[in-house]
2 protein chains.
Amino acid sequence: MDKISGNALRGHLDAMVLATLAQGEGHGFEIMQRLGSAGRGALELKEGTLYPVLYRLEAAKLIVGKWETGATERRGPRRRIYKLARNGRRDLKRRQEQWRHFTQIIGGIVEAPA
Amino acid sequence: MDKISGNALRGHLDAMVLATLAQGEGHGFEIMQRLGSAGRGALELKEGTLYPVLYRLEAAKLIVGKWETGATERRGPRRRIYKLARNGRRDLKRRQEQWRHFTQIIGGIVEAPA
DNA sequence: ACATACTATTTAGCGTTGCTAAGTAGCTGT
DNA sequence: ACAGCTACTTAGCAACGCTAAATAGTATGT
């Protein structure tokens, strides 16, 4: 199967990132990798795609990010750890319902027997 | 449930229109209505959304349109009847497979149990 | 010292495409 | 005349995922 990308992802990426963070906090690069493996080869998000999503979600207060320091710190470039905010968890639930609704409606149309 | 619109539809509208025409040829306005009723209140496509899709699909030779004349004609404004082209039927099949793939992958991520 | 490679983040600019909003036009009913 | 429905057209907008390149820290190899 070919890659899922471009327009097909529009409007669903936010939910994907929120859902990923619902499994546990993580930094951008890591989220990218988690999505990559969850995508079973069908997803190939690049940095230029993912990071702007994180900035958007943080600006909307759905996730909170902070630079790794002290205890957790390790060597290498600085990392920004993101986790779901209260609003984010609520929002995720809403988006999950919308997802089911979306697939049901659109699926019913696209897969209608000829 | 709220309306499905905007970005969520991106990349799926073409498949929806092809699938609609797979049920039988029809003109733009009619396709809009068929989608509306298939959408069970969740879809509210406007002309400015649908017609450009038809032009795009026709330019891509996935559908063929011709102005209604003679036998089929009736009173009122002229109507352009579209039907699936051979390529279109092939393309629809491909898009249906992609849709299943898409929902499986993205659904697996969005709906992952916390 | 220099190159390569991997982790990690940032950002400018682009292209697709669905939406807004308005217009044209023919027909019917009041 | 006017409203209202069918039917099509189109200019311009805005969101957002993608391309591509830059910056920076660490590790390894020559």
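Chain naming here is simple, since letters A, B, ... match the order of the sequence lines and numbering starts at 1 in each.
In this structure, A/Tyr55 places its OH atom 11 Å from P of C/dA12, rounding to the nearest Å. A straight line from CD1 of A/Ile106 to P of C/dG18 spans 11 Å, rounded to a whole angstrom. For the pair B/Met32 CE and C/dC19 P, the interatomic distance rounds to 12 Å; values are reported in whole Å. For the pair A/His27 NE2 and C/dT9 C1', the computed distance is 10 Å after rounding to whole Å. In this entry the distance linking OH of A/Tyr82 with P of C/dA8 reads 13 Å, nearest Å.
Judged as a salt bridge (Lys or Arg N to Asp or Glu O under 4.0 Å), and not counting sequence neighbours, the contacts of A/Glu58 are A/Arg80. The side chain to side chain donor-acceptor pair (under 3.5 Å) search around B/Glu44 returns none, not counting sequence neighbours.
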Kindly indicate, with the supporting measurements, whether the criterion salt bridge (charged side-chain N to carboxylate O under 4.0 Å, His left out) is fulfilled by A/Glu111 and B/Arg100.
CA-CA 9 Å; A/Glu111 305 207 83; B/Arg100 285 188 280 275; 2.3 Å; yes

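Remark: A/Arg94 CZ is packed, more than 12 non-hydrogen atoms of other residues, nucleotides or ligands lying under 6.0 Å away. Within a 6.0 Å sphere centred on CZ of A/Arg89, other residues, nucleotides and ligands contribute 12 heavy atoms or fewer. For CD of A/Gln104, the number of neighbouring non-hydrogen atoms (other residues, nucleotides, ligands) closer than 6.0 Å is 12 at most.
Across the interface with DNA chain D, nearest-nucleotide mapping of B/Tyr51 and A/Glu44 shows B/Tyr51 to be the residue nearer the 5′ end.
Scanning both residues, A/Leu18 and A/Ile63, for their nearest heavy atoms gives CD2-CG2, 3.8 Å.
In this structure, the side chains of A/Leu57 and A/Leu21 stay at 4.5 Å or more apart for every pair of heavy atoms. In this structure, B/Arg95 and B/Asp91 have side chains that are in contact, with non-hydrogen atoms separated by less than 4.5 Å.
A salt bridge is defined here as a Lys NZ or Arg NE, NH1 or NH2 lying under 4.0 Å from an Asp or Glu carboxylate O, and B/Glu30 with B/Arg34 meets this definition.
First and last contacts of DNA chain D with chain B, using any nucleotide atom under 4.0 Å from a protein heavy atom and ordered 5' to 3', fall at D/dT6 to D/dC16.
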Using a cut-off of under 3.5 Å, enumerate the N/O to N/O pairs linking the protein to nucleotides 20-30 of chain C.
none

Check the interface with nucleotides 14-17 of chain C: list each N/O to N/O pair with the protein under 3.5 Å, or write none.
from: C/dG15; atom 1: N2; to: A/Arg10; atom 2: NH2; distance (Å): 2.6
from: C/dT16; atom 1: O3'; to: A/Asn7; atom 2: ND2; distance (Å): 3.3
from: C/dT16; atom 1: O2; to: B/Arg10; atom 2: NH1; distance (Å): 3.0
from: C/dT17; atom 1: OP1; to: A/Asn7; atom 2: ND2; distance (Å): 3.4
from: C/dT17; atom 1: O4'; to: B/Arg10; atom 2: NH1; distance (Å): 3.1
from: C/dT17; atom 1: O2; to: B/Arg10; atom 2: NH1; distance (Å): 2.9
from: C/dT17; atom 1: O2; to: B/Arg10; atom 2: NH2; distance (Å): 2.6

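Identified under the ring-ring contact (aromatic ring centres under 6.0 Å, His included) test for residues 87-106 of chain A, with sequence neighbours left out: A/His12-A/Trp99, A/His12-A/Phe102, A/Trp99-A/Phe102, A/Trp99-B/Phe102, A/Phe102-B/His12, A/Phe102-B/Trp99.
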